[in-house]
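Just below is one structure, and these are the notes that go with it.
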Amino acid sequence: MKKFLMPLTITLATITLFASCAKKPLTLDENTSMKTLIKASDKEITDLIFKEVAEKTNMSQEDVSVEYILRDDDGKAIAVKLKSNKD
């Protein structure tokens, strides 16, 4: 019985580890927690903004620029300033 349980336990632990470490794409829906968004890198935030702008408006990535991304010292808030490049 131990010969069967040990490999099964190791396999389940390995699968759980890989599943929990898999990087999920950032979105602005209910599937992505605020904690995940706050801990995201500036590049990930910028890519998310460009994706959301393209989906929700008729503007392209060239029409919008991210001026800055502000984070508070406690890691509880984030602010992003966008600029429209359209005339």
Side-chain angles (χ1 to χ4, degrees):
M1 184 73 170
K2 282 187 176 182
K3 289 181 181 181
F4 176 72
L5 286 178
M6 185 59 86
L8 180 63
T9 304
I10 292 172
T11 302
L12 289 175
T14 305
I15 290 171
T16 304
L17 178 66
F18 284 121
S20 66
C21 292
K23 186 115 177 157
K24 297 175 184 167
L26 288 178
T27 59
L28 290 179
D29 60 9
E30 65 276 352
N31 296 331
T32 303
S33 69
M34 183 56 76
K35 188 175 186 178
T36 303
L37 289 172
I38 289 173
K39 290 185 182 261
S41 69
D42 288 354
K43 170 99 172 86
E44 291 172 321
I45 296 289
T46 303
D47 291 343
L48 174 64
I49 288 167
F50 290 148
K51 183 181 121 196
E52 290 292 321
V53 164
E55 287 178 7
K56 301 210 163 88
T57 67
N58 61 354
M59 298 170 75
S60 67
Q61 182 175 344
E62 294 79 29
D63 296 335
V64 177
S65 62
V66 175
E67 289 200 5
Y68 56 81
I69 299 173
L70 292 177
R71 299 168 191 269
D72 72 335
D73 294 334
D74 298 330
K76 295 182 181 177
I78 187 171
V80 179
K81 182 174 182 187
L82 300 176
K83 180 181 177 185
S84 173
N85 298 332
K86 271 189 164 180
D87 293 330

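Any value given below was found using the heavy atoms of this structure, including those in side chains, with hydrogens, waters and symmetry copies removed.
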Handout entry: Reported NZ-to-NZ distance for the pair Lys51 and Lys56, which is rounded to 0.5 angstrom
Key = 8.5 Å
Problem - Minimum heavy-atom distance between Ile45 and Ala40, given as atom pair plus value - result: CD1-CB, 3.9 Å
Exercise for the section: Rounded to the nearest 0.5 Å, what's the gap from OH on Tyr68 to NZ on Lys83? Could you check? Expected result: 12.0 Å
Problem - CD on Glu52 to CG on Leu82, rounded to 0.5 Å - result: 11.5 Å
Handout entry: Short N-O contact, Asp47 and Lys43, less than 4.0 angstrom
Key = yes
Completion exercise
Which of Leu70, Leu37, Asp72, Ile69 passes side-chain contact (heavy atoms from CB on, under 4.5 Å) with Ile78? It is Ile69
Practice task
Please name all residues satisfying salt bridge (charged side-chain N to carboxylate O under 4.0 Å, His left out) with Asp42, sequence neighbours left out, ordered by chain then number.
Solution key: Arg71
Fill in the blank from the handout: Sorted by chain and residue number, the side chain to side chain donor-acceptor pair (under 3.5 Å) partners of Thr57 (sequence neighbours excluded) come out as none
Practice task
Compare every heavy atom of Phe50 with every heavy atom of Val64, then report the nearest pair and how far apart it is.
Solution key: O-CE2, 3.4 Å
